[in-house]
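Everything on this sheet refers to the single structure shown next.
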There are 2 protein chains.
Amino acid sequence: MVKLFFVRSAHIIHRMENGIANLLGAFSLAVMDRIEQGAREVVGRGGETPAALIVIGYGQGMTNDKLRRILGLSHSGTVRLVDRLVSDRLVERRAGKDGREVALHLTASGAASRNELLASRISAVTSLLDVLSSAERKQLATLIRELLARQDTSEMDRFTICRMCDDRVCTNCPLPTSKGQHAR
Amino acid sequence: MVKLFFVRSAHIIHRMENGIANLLGAFSLAVMDRIEQGAREVVGRGGETPAALIVIGYGQGMTNDKLRRILGLSHSGTVRLVDRLVSDRLVERRAGKDGREVALHLTASGAASRNELLASRISAVTSLLDVLSSAERKQLATLIRELLARQDTSEMDRFTICRMCDDRVCTNCPLPTSKGQHAR
DNA sequence: ATAAATATGTGCGTAGCGCACATATATGGT
DNA sequence: ACCATATATGTGCGCTACGCACATATTTAT
């Protein structure tokens with residue numbers, strides 16, 4: 001009898017814990033739906049193309065291969081993605097220091113599109129967020145910040161997670177930068 | 001001098017508020033990356049196909065057209081999506097009550113894939129979530145729940161947000177069900 | 001100097017999707 | 001009952017985004 005009660009109780013707890021995961025999954029889906037819709041409206045392209053534009057704009061001499069790893073695409077997929085950005089006149093291929101590398105640079109209109117992209121993303125999330133009070137938002141920010149800070153991430157993981165981040169507003173990123181391993 | 005200070009201060013506040021949005025955007029991206037990767041491994045397909053399998057499995061005589069609106073796809077895109085599910089033997093087209101409609105039903109293997117899909121999704125989110133303490137998770141759940149509860153959503157919006165939700169664990173969905181308007 | 005590693009580009013195919021059009025069934029007005 | 005309109009599905013066709021296998025150029029290591 002006690003045992004039966006325990007088992008049933010464990011099920012309920014299990015359901016509650018998973019309920020949190022389910023809730024967060026639904027919310028994340030809603031957030032990304034809005035971000036992706038806005039991004040498509042701004043640059044007229046989907047998939048990883050908007051993220052690529054943002055990543056290239058960080059501007060530390062991005063190469064095709066670094067980009068590939070950050071976006072999690074195949075090599076050829078990345079080459080074709082850059083082809084699209086180039087044909088849209090948003091990106092230029094220049095000579096890299098290493099004779100093999102290609103240095104990716106935003107054109108003026110690429111930089112403009114990137115800014116629109118970042119603004120659209122912030123606005124999409126904000127529109128969901130502003131039903132909360134300022135205090136609630138602060139609470140939420142603290143929790144998400146902790147959640148991210150405690151993740152076990154490689155350097156490349158961090159770039160991947162931050163591939164759409166707005167470097168104009170992201171002061172002190174919570175992702176651990178010194179923790180462990182290098183992802184090369 | 002005072003004015004200058006005020007302006008600068010407003011900028012800083014602006015940056016902080018947007019910092020929350022940026023953080024949440026990055027986190028949502030990380031969550032969806034993991035969910036989508038798992039989904040692709042389970043069903044071998046991407047895009048809205050996994051969501052379609054889950055939605056069809058809710059089982060209230062789903063039709064092609066309802067599915068289309070929930071997934072936010074074009075009509076033909078939805079027909080082809082169902083074609084893929086049928087050719088994968090995960091879904092069957094049966095006669096609907098209305099002679100025009102097609103009633104979509106999961107096959108046994110479709111139902112099994114759907115369960116794997118849901119489990120994979122919960123596990124993906126949980127693996128990110130379990131760096132938080134139980135108290136922190138509860139706090140986070142409360143905030144997300146409030147955030148969702150206060151959104152102004154049409155009925156169709158709700159189905160869309162919940163298109164990957166695990167009906168086995170999602171007791172009392174926070175999304176407002178009686179609020180306003182009908183999306184038809 | 002030659003082998004291996006690194007970085008890029010290309011041919012080719014496929015998945016996922018939209019537009020425009022065609023078809024079948026239902027509904028409403030006269 | 002009849003016909004226009006609305007609703008639901010299916011199809012031809014094209015395009016975007018992507019991966020695999022292969023080719024090429026440059027650098028690094030032995």
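In the text below, chain A, chain B and the rest are named by the order of the sequence lines, each starting its count at 1.
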Whole angstrom value for the distance that separates [atom2] of [N] from [atom1] of [X]:
| X | N | atom1 | atom2 | value |
| --- | --- | --- | --- | --- |
| B:L104 | D:dA8 | CG | P | 13 Å |
| B:L67 | D:dT9 | CG | C1' | 13 Å |
| B:N64 | C:dA24 | CG | P | 17 Å |
| B:K66 | D:dT7 | NZ | C1' | 14 Å |
| A:E36 | C:dG16 | CD | P | 16 Å |
| B:E101 | C:dA26 | CD | P | 10 Å |
| A:L85 | C:dT8 | CG | P | 15 Å |

Query raised in the report: Considering residues, nucleotides and ligands other than A:R93, do more than 12 of their heavy atoms fall under 6.0 Å from its CZ?
Result: yes
Measuring from atom [atom1] of [X] to atom [atom2] of [Y], what distance do you get when rounded to the nearest 0.5 angstrom?
| X | Y | atom1 | atom2 | result |
| --- | --- | --- | --- | --- |
| A:R121 | A:C165 | CZ | SG | 5.0 Å |
| A:Q151 | B:L129 | CD | CG | 9.0 Å |
| A:I161 | A:I70 | CD1 | CD1 | 12.5 Å |
| B:M32 | B:M164 | CE | CE | 6.0 Å |

Query raised in the report: Hey, does B:R93 reach any base, or is it just sugar-phosphate, or nothing, if we go heavy atoms under 4.0 Å?
Result: sugar-phosphate
Report task. Describe the nucleic acid contact of B:V79 in one word from base, sugar-phosphate, nothing, applying a heavy-atom distance below 4.0 Å. Result -> base
Query raised in the report: Could you run down nucleotides 17-30 of chain D 5' to 3' and tag each one B, S or - for protein heavy-atom contact under 4.0 Å?
Result: SSBBB----BS---
Query - side-chain contact (heavy atoms from CB on, under 4.5 Å) between B:L106 and B:L90, intermediate numbers included - result: CA-CA 6 Å; B:L106 296 184; B:L90 301 176; 5.7 Å; no
Requested in this report: Report the C-alpha separation of A:T63 and A:L104 in whole Å, then their side-chain angles, then the decisive distance to 0.1 Å, and conclude whether the side-chain contact (heavy atoms from CB on, under 4.5 Å) test is met.
Outcome: CA-CA 6 Å; A:T63 69; A:L104 302 173; over 6 Å; no
What pairs of donor and acceptor atoms, side-chain ones from residues 39-54 of chain A against any protein atom, are under 3.5 angstrom apart with sequence neighbours left out?
residue: A:E41; atom: OE2; partner: A:Q37; partner atom: NE2; Å: 3.3
residue: A:R45; atom: NE; partner: A:D88; partner atom: OD2; Å: 2.6
residue: A:R45; atom: NH2; partner: A:D88; partner atom: OD1; Å: 3.2
residue: A:R45; atom: NH2; partner: A:D88; partner atom: OD2; Å: 3.4
residue: A:E48; atom: OE1; partner: A:R163; partner atom: NE; Å: 2.9
residue: A:E48; atom: OE2; partner: A:R163; partner atom: NH2; Å: 3.3
residue: A:T49; atom: OG1; partner: A:G46; partner atom: O; Å: 3.2

Query raised in the report: Going through the distances and angles, do A:V125 and B:L23 end up as a side-chain contact (heavy atoms from CB on, under 4.5 Å)?
Result: CA-CA 10 Å; A:V125 183; B:L23 220 53; over 6 Å; no
Query raised in the report: Which angle, rounded to 10°, do you find between the first-five-pair axis and the last-five-pair axis of the helix from C:dA1-D:dT30 to C:dT30-D:dA1?
Result: 10°
